[in-house]
**Student:** 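Just passing along the structure, written as structure tokens.
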Amino acid sequence: MDWNELEKIRLAKVEAMRSEDIEPYPTRSEVDQTIKTAIIAFEDFEKQSEPSINAPQAILAGRIRSKRVMGKLAFCHIEDSSGRLQLMLRVNEIGQGGLKEFDERFDLGDFIQAGGSLMRSRTGEITLLVSEYKMLAKAITPLPAAKDEIVDGKVVHHATLSDPETRYRQRYADLAVNDEARNIFRTRTAIIRALQRFLDKHDFIEVETPILQPIYGGAAARPFSTFHNQLHQELFLRISFELYLKRLLVGGFDRVYEIGRDFRNEGVSFKHNPEFTQLEFYMAYADYEKIMGLTEQMLATVCDEVLGKRTFIFDGQEINMDIPWRRVELRQGILEATGVDIYAYPDAEALYQAMQKAGLNPKEGQPRGKLIDSLIGDFLEPNCIQPTFLYDYPRDISPLAKNKPGNPQIVERFEGFVGGMELCNAFTELNDPLEQEKRFAEMGRTYDADDEENHPMDEDYLQAMSFGMPPSGGFGMGIDRLTMLLTGNRSIREVILFPYLRDIESEE
RNA sequence: GGGCGCGUAGCUCAAUGGCAGAGCAGUAGCCUUUUAAGCUAUUGGUUGAGAGUUCGAUCCUCUCCGCGCUCACCA
């Protein structure tokens, strides 16, 4: 490794410690509690009507985040994942040598273990008066944070790491230094737990299905492909879980869900990561109406449990997740927004002409479904700031959804929009194997033969359907998007620990 | 992939076609209740990479790399 000047100075400190038989990376620590438990213990001690003479003792460990040495006395703050605490080191307890050692060998970013008794400093801050300490792990590279200040209990950063590229590439440094970043991922975990609790409570079971698949499907997207060396077989990374989860409905699991990673070989942007996390669930004997209700309930519950309230701010707007959501029939929504009645134009050419007449600048050569998709994206989605369901979709873009009785052109499908973003997608599942086979074939005709979004015919899936699948409702939702909403982030990179970034060309 | 913008010390940022600066961090001191500690002194740069214009380029031009925003594709 190439070390810079600051790092060489710290390496010299490591050498100096080793030369005195002090291990800068000891194998074990004698920590006996977290910072949080120590603070609580001290507060309890103070509350006693007749305080015992001896203040609570603690051996704590954490990363040094600030350091103030003044002659015969030093303060520093250490941080573990439970919180932050001030240490006070005095020659009275640790001697001249002990303080000098701390001053000369310990830097911001180092992990330290400190034992002593808890007290309050003159300014009233709970502080560990240190009687013994040791290095737990020396940091060679300085953390990028300059300094933090605590104002009214809130940490204020001064010139901290803010360059987005460095924050994503060196997420460890970002997390070590930026509390807000850590909180985003705590929230993300809390969201997933809340979803699992909700679904578990509703008698769903969580399952795992293959990520490597011989045939991809369940969504319109280009896959990543890979190769099994020994089997000499091309495999795809899944683009959805749908087809496998529905096989489980055939198998007799009436309520299943999976939370996991999907992979789509598409453009990368602040909205799109090549791998992203989805929740899909399938519920036997439910239809899309029932799923709509469950969706409202589920997301309201997640808000309650994660945020403690139903409202949050996203992109400057307060969003209210109370039940019920606004419901807009797709045809009606498009008619009101653009004046185009999609039911009046049953094929791509007619719809294209109508859109052109309405001055909407449609793209040429698109199948009808894609044209309708673009109407949704351009004219409906941006206006769905408050939670909204669009429902009843054209069958062209929904090959796995069931027809609405009495209207063969429409399927029972809805999408949920929040904050101007598509959040979820659900439908009454098509369970007629013959109809499904027809739909797969239709897709093959609709798209060019070389269109990678073409749904490959999945014979085994049809085989499964032919055993009989109960009438069911299915649901899919982007966890990253939900996290973006609930943490108020417009960029997906803020809510993925290690977002995809281009390789930096090595300078060899 | 297209368009626009950005890239300067470890971090956050200045600056100028003429010797590249500040705060914090670092280093050496002083300092026994600080918390952006303070005071004194001080180190630190291939200005993203490469080429061009120029007496002289960090600045102007071009190419490349990366990031951000945006459009396209999608979730």
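Convention: sequence-line order gives letters A, B, ...; per-chain numbering from 1. Values below: every heavy atom of this structure, side chains too, minus hydrogens, waters and symmetry copies. Given the structure is predicted, the values throughout are model-derived calculations rather than measurements.
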**Student:** Using Watson-Crick or G-U wobble geometry with both distances below 3.5 Å, tell me the partner of B:A9, or none.
**Tutor:**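 When the pairing criteria are applied, nothing turns out to pair with B:A9, so the answer is none.
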**Student:** Only pairs with both distances under 3.5 Å count, Watson-Crick or wobble alike; so what is the partner of B:U32 in this structure?
**Tutor:** none
**Student:** Closest heavy-atom contact between A:Leu482 and A:Ile191?
**Tutor:**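 Scanning both residues completely, I find the closest heavy atoms to be CD2-CG2, 3.6 Å.
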**Student:** Are OP1 or OP2 of B:U27 and a side-chain N or O of A:Lys13 less than 4.0 angstrom apart?
**Tutor:** yes
**Student:** Return the pairing partner of B:U61 with a 3.5 Å limit on both distances, Watson-Crick or G-U wobble; otherwise return none.
**Tutor:** B:A51
**Student:** A:Asn4 side chain: which of B:U33, B:G10, B:U34 is closest?
**Tutor:**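 Minimum distance to the A:Asn4 side chain belongs to B:G10.
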**Student:** What nucleotide, of B:U32, B:U70, B:G10, holds the atom closest to the side chain of A:Arg490?
**Tutor:**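 Of the options given, the side chain of A:Arg490 lies nearest B:U70.
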**Student:** Hey, what's the ring geometry for A:Phe204 with A:Phe281, parallel, tilted or perpendicular (30° and 60° as the breaks)?
**Tutor:** perpendicular
**Student:** Would you mind telling me which of B:C69, B:G44, B:U33 lies closest to the side-chain atoms of A:Phe270?
**Tutor:**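 Of all the options, the side chain of A:Phe270 is nearest to B:C69.
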**Student:** Across all strands, who's sitting opposite B:G68 as a Watson-Crick or G-U wobble pair, both distances under 3.5 Å?
**Tutor:**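 Because both required distances fall under 3.5 Å, B:G68 counts as paired with B:C4.
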**Student:** Of the listed nucleotides (B:G26, B:G44, B:U32), which one gets closest to any side-chain atom of A:Asp107?
**Tutor:**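 Nearest to the side-chain atoms of A:Asp107, counting from C-beta on, is B:G26.
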**Student:** Not counting sequence neighbours, list each pair that qualifies as a side chain to side chain donor-acceptor pair (under 3.5 Å) and has a residue in residues 381-390 of chain A.
**Tutor:** A:Arg326-A:Thr388
**Student:** Of the nucleotides B:U33, B:G66, B:U34, which has the atom closest to the A:Leu73 side chain?
**Tutor:** B:U33
**Student:** Could you work out which one of B:G68, B:U27, B:A75 sits closest to the side chain of A:Ile9?
**Tutor:** B:U27
**Student:** Output yes when at least one side-chain N/O atom of A:Arg169 is less than 4.0 Å from OP1 or OP2 of B:C67, else no.
**Tutor:**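 A:Arg169 to B:C67 OP1/OP2: side-chain N or O found under 4.0 Å.
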**Student:** Distance under 6.0 Å and angle within 45° of the ring axis: does A:Lys67 meet both against A:Phe102?
**Tutor:** yes
**Student:** With a 3.5 angstrom cut-off on both distances, give the Watson-Crick or G-U wobble partner of B:G56, or none if there isn't one.
**Tutor:** none
**Student:** Taking A:Glu79 as the fixed residue, which of A:Arg84, A:Lys36, A:Arg63 is the one that meets the salt bridge (charged side-chain N to carboxylate O under 4.0 Å, His left out) rule?
**Tutor:**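 Testing A:Glu79 for a salt bridge (charged side-chain N to carboxylate O under 4.0 Å, His left out) against A:Arg84, A:Lys36, A:Arg63 leaves exactly one candidate, A:Arg84.
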**Student:** Side chain of A:Pro164 only, heavy atoms from C-beta on: which candidate in B:U12, B:A75, B:C67 is closest?
**Tutor:** B:C67
**Student:** Ignoring the backbone of A:Arg90, work out which of B:U43, B:A75, B:U33 is nearest its side chain.
**Tutor:** B:U33
**Student:** Looking at B:U34, I'd like to know if its phosphate oxygens (OP1 or OP2) sit under 4.0 Å from a side-chain N or O belonging to A:Arg68.
**Tutor:** no
**Student:** With both distances under 3.5 Å as the test, what is the Watson-Crick or G-U wobble partner of B:G45?
**Tutor:**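 For B:G45, the partner nucleotide comes out as none, under the 3.5 Å rule.
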**Student:** Considering every strand shown, what is the Watson-Crick or G-U wobble mate of B:A14 when both distances are under 3.5 Å?
**Tutor:**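 Pairing partner: none.
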**Student:** So what does A:Ser162 hit on the nucleic acid, given a heavy-atom distance under 4.0 Å: a base, only sugar-phosphate, or nothing?
**Tutor:**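 Result for A:Ser162 = sugar-phosphate.
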